[in-house]
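The figures that follow rest on heavy atoms only: side chains count, while hydrogens, waters and symmetry mates do not. Residue numbers count from 1 along this sequence.
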Amino acid sequence: MAQDIEKIEKVMCAAPVIPVLVVEDPKKAVPMAEALVRGGLPAIEITLRTPHALEAINAVNEHVEGAIVGAGTVLDDRQYDAAVSAGARFIVSPGATEALLDAADQHSVPLLPGAATASEVMFLLERGYQRLKFFPAEQAGGASYLKSLSSPLAAAKFCPTGGVSLDKAPDYLKLPNVLCVGGSWIADAKAIAEEDWSGIEERARAAAGIKG
Ligand SMILES: O=C(O)C(=O)C[C@H](O)[C@H](O)COP(=O)(O)O
């Protein structure tokens, strides 16, 4: 089954940046997401890297108006099912496997799978995936590397994530094959732990205003 491009583009085109979040304390998820939405970043990715990530996704989905909450670091079918049951509206993975794509076929919640090489992109295009995460963006070669994939693999459009910052985001966003970027700089673990909601809102507002 091919990727539902319209559905995943609603997430990717909601704002220039998707904040990538590691939430240790689920009680902090709602005020954190409210700050992000107030700052102009409605699509947010909570990674399944902490014991309470599913609880955090559930809380944001239930209580934060205007948020489009997704699950990140989804590596297998069991995590896909659990994230969907928790209320995730999109699923992000750092890479892709046949098993993960088969799991995506069982759900209407769309997958944004990761790729970092031409062959990985070609594998995903073959499976009907044209909207991809470019991961790890900076470490794999950055904006110039991604630009060089744009002509031969023109159908693929990306959300570069990994080492992206406020300064580096415009270089990606001006590429023809980039729809948005992802990053943790808006709300890192320290800002969430310290409940720095105004700082998160401020960085979200700056990110929402980035032009390519
Ligand atoms: O686990 C995943 O599925 C991920 O999405 C990994 C993230 O892309 C990075 O954690 C981004 O983090 P920064 O490089 O700090 O912006």
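Counting heavy atoms from C-beta on, the side chains of Ile192 and Ile200 come closer than 4.5 Å. Looking only at side-chain heavy atoms (C-beta outward), Pro113 and Glu120 stay at 4.5 Å or farther from each other. Residues Tyr80 and Leu111 have side chains in contact (heavy-atom distance under 4.5 Å, counting atoms from C-beta outward). Within the 4.5 Å cutoff, the side chain of Leu175 has no heavy atoms near those of the Phe134 side chain. At least one side-chain heavy atom of Gln130 sits less than 4.5 Å from a side-chain heavy atom of Ile5. Counting only heavy atoms from C-beta outward, the side chains of Cys159 and Leu112 approach each other to under 4.5 Å. Counting only heavy atoms from C-beta outward, the side chains of Ser165 and Glu138 never approach each other to under 4.5 Å. Side-chain contact between Leu36 and Leu21: present, with at least one pair of heavy atoms (C-beta onward) separated by less than 4.5 Å.
Taking NZ of Lys211 as the start and NZ of Lys174 as the end, the distance is 13.5 Å to the nearest 0.5 Å. Between Glu195 atom CD and Asp25 atom CG the span is 8.0 Å, to the nearest 0.5 Å. Taking CG from Leu75 and CZ from Arg49, the interatomic distance works out to 10.0 Å, rounded to the nearest 0.5 Å. Within the model, atoms OH of Tyr145 and CD of Gln139 stand 12.5 Å from one another, a figure rounded to the nearest 0.5 Å. Here the straight-line distance linking atom CG of Asp196 with atom CD of Glu201 works out to 10.5 Å at 0.5 Å rounding. A distance of 10.5 Å separates CZ of Arg131 from CG of Asn177, quoted to the nearest 0.5 Å.
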Inset, instruction - Test side chain to side chain contact (heavy atoms under 4.5 Å, CB included) on Glu55 and Asn58 and set out the steps. - result: CA-CA 5 Å; Glu55 217 178 303; Asn58 185 258; 5.6 Å; no

Inset, instruction - Go through the steps to decide whether Leu100 and Val74 satisfy the test side chain to side chain contact (heavy atoms under 4.5 Å, CB included), and finish with yes or no. - result: CA-CA 9 Å; Leu100 187 73; Val74 173; 4.2 Å; yes

Legend entry - Working for side chain to side chain contact (heavy atoms under 4.5 Å, CB included), residues Arg89 and Val11: CA-CA 9 Å; Arg89 314 258 292 274; Val11 176; 6.0 Å; no

Inset, instruction - Walk me through it: do Val64 and Val69 pass the test side chain to side chain contact (heavy atoms under 4.5 Å, CB included)? - result: CA-CA 9 Å; Val64 184; Val69 63; over 6 Å; no

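A single hydrophobic cluster is seen to contain both Leu149 and Leu125, as judged by linkage of ILVMFWY side chains at heavy-atom distances under 4.5 Å, directly or through other members. Clustering ILVMFWY residues whenever any of their side-chain heavy atoms sit less than 4.5 angstrom apart, transitively, puts Val84 in a cluster other than the one holding Ile8. Connection of Phe123 to Leu146 is established within a shared hydrophobic cluster, with ILVMFWY side chains joined at heavy-atom distances below 4.5 Å, either directly or through further cluster members. Hydrophobic clustering places Phe158 together with Ile91 (ILVMFWY residues linked when any side-chain heavy atoms are closer than 4.5 Å, directly or through intermediates). Hydrophobic clustering (ILVMFWY, side-chain heavy atoms < 4.5 Å, transitive): Phe135 and Leu132 are in distinct clusters.
In this structure, Thr50 contributes its side chain and Val23 its backbone to a donor-acceptor pair below 3.5 Å. Without hydrogens or angle criteria, Arg38 side chain to Arg205 main chain gives no donor-acceptor distance under 3.5 Å. Within the 3.5 Å criterion, the main-chain N or O of Ala143 finds no donor-acceptor partner in the side chain of Lys168. Between the side chain of Glu45 and the backbone N or O of Val92, no donor-acceptor pair lies under 3.5 Å. A donor-acceptor pair under 3.5 Å is absent between the side-chain atoms of Asp77 and the main chain of Asp102, judged by distance alone.
Nearest heavy atom pair, residue Ile18 against residue Phe90, reads CG2-CZ, 4.5 Å. Closest heavy-atom contact between Gly114 and Leu124: O-CD1, 3.7 Å. Nearest approach of Ala207 to Pro16, heavy atoms of both residues: O-CG, 3.7 Å. Closest heavy-atom contact between Val181 and Ala169: CG2-CB, 4.0 Å. In this structure, Leu173 and Cys180 approach most closely via the heavy-atom pair CD2-CA, 3.7 Å. Contact record, Ala115 with Val121: CB-CG2, 3.9 Å, taken as the closest heavy-atom pair.
A salt bridge between Asp171 and Lys147 is absent, with no side-chain N of the basic residue lying under 4.0 Å from a carboxylate O of the acidic one. In summary, Arg127 and Asp105 engage in a salt bridge, as defined by a charged side-chain N under 4.0 Å from a carboxylate O.
Around CD of Glu126, the count of heavy atoms belonging to other residues, nucleotides or ligands within 6.0 Å does not exceed 12.
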